[in-house]
Enquirer: 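Here's a structure for you.
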There are 2 protein chains.
Amino acid sequence: MTEQRRTLGALLRLPHDALQREIYGSLAARGFPEIRPAHSAVFRHIGLHGSRLTTLAERAGMTKQSMAYLVDGLAAAGHVTSTPDPDDGRARIVRLTPKGERVLAELLALSAEAEARVAARIGDRRAARLRRYLEQWVAALEAG
Amino acid sequence: MTEQRRTLGALLRLPHDALQREIYGSLAARGFPEIRPAHSAVFRHIGLHGSRLTTLAERAGMTKQSMAYLVDGLAAAGHVTSTPDPDDGRARIVRLTPKGERVLAELLALSAEAEARVAARIGDRRAARLRRYLEQWVAALEAG
DNA sequence: TATTGCTCGACAGAGAGACTGACGATCTGT
DNA sequence: ACAGATCGTCAGTCTCTCTGTCGAGCAATA
């Protein structure tokens with residue numbers, strides 16, 4: 001059983017990858033096989049009434065070009081629309097379609113279900129603490 | 001301050017990415033800019049006396065071709081060698097060079113340093129619990 | 001021993017997802 | 001009115017992963 005010590009990086013990556021497989025596997029089974037993990041950058045950051053491409057890119061921490069690539073894919077599959085901004089001739093507003101909103105809802109639900117399964121495996125208390133510590137870590141990161 | 005609830009996936013991904021940036025940034029600063037995160041799949045799984053390509057691929061959960069791509073890069077930069085297996089004419093044994101061993105040592109050291117910084121930010125006790133809960137999660141994953 | 005089937009690693013090709021650089025169109029502040 | 005900043009796009013590149021195919025070598029058996 002000589003448990004070799006894993007790096008913290010690996011301890012984050014392994015559960016993350018498992019979570020991702022679960023969630024996007026279920027999403028595919030529920031009728032959205034075209035949604036890939038990278039698309040979550042759009043769903044996570046898009047506003048209720050739409051957002052600019054540049055805003056999305058900024059929030060997701062990626063280039064406009066990369067975000068455009070993701071948005072194009074989602075637009076082709078009918079999950080978002082991209083319409084001209086009436087207030088700015090250069091800009092376009094990306095909005096979720098009803099189909100896209102269903103996907104977002106599914107993603108949030110699947111995420112919650114996955115978290116509940118984790119709680120079932122390691123215990124409610126521990127799962128709650130795990131979340132809290134991660135939140136604190138993230139807060140520290142964001143503080144600088 | 002309307003803290004919106006993040007998914008557990010995001011709470012794993014954000015610290016993971018930050019950790020990765022820290023570690024590979026420092027590694028570059030210490031003279032190994034050619035080592036990229038994907039290469040850790042090799043360093044993490046290679047045995048003390050070398051391993052077969054197929055074994056590495058299996059352990060890393062990727063195809064032989066993908067592992068060969070990573071190994072080729074490391075071999076070109078002098079971090080590993082790939083020599084014929086005397087016991088099996090088909091196989092080749094991938095081994096760390098002294099340079100590769102230095103990289104492995106740096107990676108482990110940088111990982112430990114990063115973990116210590118986390119402990120400094122969220123507290124020793126919490127960091128220890130965080131690691132323990134993640135280990136339990138991973139153990140549960142491996143159990144099936 | 002000869003054959004049959006499996007395994008090892010390589011070759012070729014593809015695709016996702018990120019990047020940089022350059023650019024025309026448009027907005028904004030002076 | 002103009003200079004400079006910003007919006008999104010076009011074109012090209014790179015990393016990292018995948019599939020499919022294949023020749024060479026190993027192992028078990030008829």
Side-chain angles (χ1 to χ4, degrees), chain A residues 13 16-17 20-21 24-25 27-28 32-47 50-77 79-95, chain B residues 13 16-17 20-21 24-25 27-28 32-47 50-77 79-95:
Chain A
R13 201 188 66 259
H16 176 266
D17 290 356
Q20 201 165 70
R21 272 193 304 276
Y24 288 86
L27 196 62
F32 302 104
E34 72 277 18
I35 305 295
R36 289 180 303 266
H39 292 136
S40 71
V42 180
F43 289 105
R44 267 200 309 274
H45 299 292
I46 200 165
S51 303
R52 288 192 182 180
L53 183 66
T54 298
T55 306
L56 287 175
E58 208 171 272
R59 288 183 185 161
M62 57 172 55
T63 61
K64 301 180 286 178
Q65 292 92 325
S66 299
M67 182 51 77
Y69 166 79
L70 296 174
V71 165
D72 283 354
L74 289 177
H79 296 286
V80 302
T81 57
S82 178
T83 57
D85 183 343
D87 297 341
D88 189 333
R90 298 165 303 177
R92 302 181 71 81
I93 308 282
V94 181
R95 281 188 191 79
Chain B
R13 193 177 32 86
H16 176 265
D17 291 356
Q20 202 164 70
R21 271 192 304 276
Y24 288 87
L27 197 61
F32 303 104
E34 72 277 18
I35 305 294
R36 289 180 303 268
H39 292 136
S40 71
V42 180
F43 289 105
R44 268 199 308 273
H45 296 114
I46 200 166
S51 303
R52 286 193 182 178
L53 183 67
T54 298
T55 306
L56 287 175
E58 208 172 271
R59 290 183 185 161
M62 57 172 55
T63 61
K64 299 180 287 178
Q65 292 91 327
S66 299
M67 182 51 77
Y69 167 80
L70 297 175
V71 165
D72 283 354
L74 289 177
H79 295 287
V80 300
T81 56
S82 178
T83 55
D85 183 344
D87 298 341
D88 188 335
R90 298 164 302 178
R92 302 182 69 81
I93 307 284
V94 181
R95 283 187 190 81

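The figures that follow rest on heavy atoms only: side chains count, while hydrogens, waters and symmetry mates do not.
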Enquirer: Pick the nucleotide of DNA chain C nearest each of A:Asp87 and B:Ser82; which residue has the one closer to the 5' end?
Expert: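 Per heavy-atom nearest nucleotide, the more 5' residue is B:Ser82.
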Enquirer: B:Ile93 CD1 to C:dG9 P: how many Å, rounded?
Expert: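 For the pair B:Ile93 CD1 and C:dG9 P, the rounded distance is 8 Å.
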Enquirer: In whole angstrom, give the distance that lies between atom CG of A:Leu70 and atom P of C:dA18.
Expert: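 Value for this atom pair: 6 Å.
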Enquirer: Do you know the tightest heavy-atom contact between B:Leu70 and B:Ala38?
Expert: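 Smallest heavy-atom distance, with atoms named: CD1-O, 3.5 Å.
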Enquirer: Go through C:dG17, D:dG8, D:dA24 for me and flag the one nearest to the B:Arg90 side chain.
Expert: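 For B:Arg90, the side-chain atoms sit closest to D:dA24.
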Enquirer: C:dG24 C1' sits how many Å from A:Lys64 NZ, rounded?
Expert: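 These atoms are roughly 12 Å apart.
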Enquirer: Should B:Ile93 and B:Thr81 be marked as a side-chain contact (heavy atoms from CB on, under 4.5 Å) after you check the CA-CA gap, both sets of side-chain angles, and the distance that decides it?
Expert: CA-CA 8 Å; B:Ile93 307 284; B:Thr81 56; over 6 Å; no
Enquirer: Grab the two heavy atoms, one from B:Arg95 and one from B:Gly50, that are nearest each other, plus how far apart they are.
Expert: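 The answer is CG-CA, 3.7 Å.
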Enquirer: For A:Thr55 and B:Met62, find the nucleotide of DNA chain D closest to each by heavy atoms; which residue's nucleotide sits nearer the 5' end?
Expert: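 Nearer the 5' end of the strand: A:Thr55.
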Enquirer: Considering only side-chain heavy atoms of A:Ala68, which listed nucleotide, D:dC18, D:dT9, C:dC19, is closest?
Expert: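 Closest nucleotide to the A:Ala68 side chain: D:dT9.
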Enquirer: Taking the nucleotide of DNA chain C with the nearest heavy atom to each, does A:Gly89 or A:Pro37 sit closer to the 5' end?
Expert: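 First, find each residue's nearest nucleotide; the 5'-ward one identifies A:Pro37.
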Enquirer: Considering only C:dA10, D:dC26, D:dG8, which nucleotide approaches the side chain of B:Asp88 most closely?
Expert: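 Side chain of B:Asp88 sits closest to D:dC26.
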Enquirer: State which of D:dC16, D:dT9, C:dG9 makes the closest approach to the side chain of B:Arg36.
Expert: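 Looking only at heavy atoms from C-beta outward on B:Arg36, the closest nucleotide is D:dC16.
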Enquirer: Please report the shortest heavy-atom distance between B:Leu56 and B:Met67, naming the atom on each side.
Expert: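 Closest pair (atom of B:Leu56, atom of B:Met67, distance): O-CE, 3.5 Å.
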Enquirer: Rounded to whole Å, please give me the gap between OH in A:Tyr69 and C1' in D:dG12.
Expert: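 After rounding, the reported distance stands at 15 Å.
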Enquirer: Rounded to whole angstroms, how far apart are CG on A:Asp17 and P on D:dC16?
Expert: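 It works out to 15 Å between those atoms.
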Enquirer: For the side chain of B:Ala38, counting heavy atoms from C-beta on, which of D:dC26, D:dC16, D:dT9 is nearest?
Expert: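 Nucleotide nearest to B:Ala38's side chain: D:dC16.
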Enquirer: Please tell me which of B:Pro86 and A:Gln65 maps to the more 5' nucleotide of DNA chain D, matching each residue to the nucleotide holding its nearest heavy atom.
Expert: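 Of the two residues, A:Gln65 wins.
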Enquirer: Which whole-number value in Å describes the distance from A:Asp85 CG to D:dG8 C1'?
Expert: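 Atom-to-atom, A:Asp85 to D:dG8, this comes out as 12 Å.
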Enquirer: So if I apply the side chain to side chain donor-acceptor pair (under 3.5 Å) rule between A:Asp85 and each of A:Arg90, A:Arg92, A:Arg52, which one comes out positive?
Expert: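 Of all the options given, the one that passes is A:Arg52.
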Enquirer: In this structure, how many angstroms lie between the C1' atom of C:dA18 and the OH atom of B:Tyr24, rounded?
Expert: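 After rounding, the reported distance stands at 18 Å.
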Enquirer: Distance check needed: D:dA11 C1' versus A:Asp72 CG, whole Å only.
Expert: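 Taking CG of A:Asp72 and C1' of D:dA11, I get 14 Å after rounding.
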Enquirer: Taking OP1 and OP2 of C:dC19, is either one under 4.0 Å from a side-chain nitrogen or oxygen of A:Thr63?
Expert: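 For C:dC19, OP1/OP2 do have a side-chain N/O of A:Thr63 under 4.0 Å.
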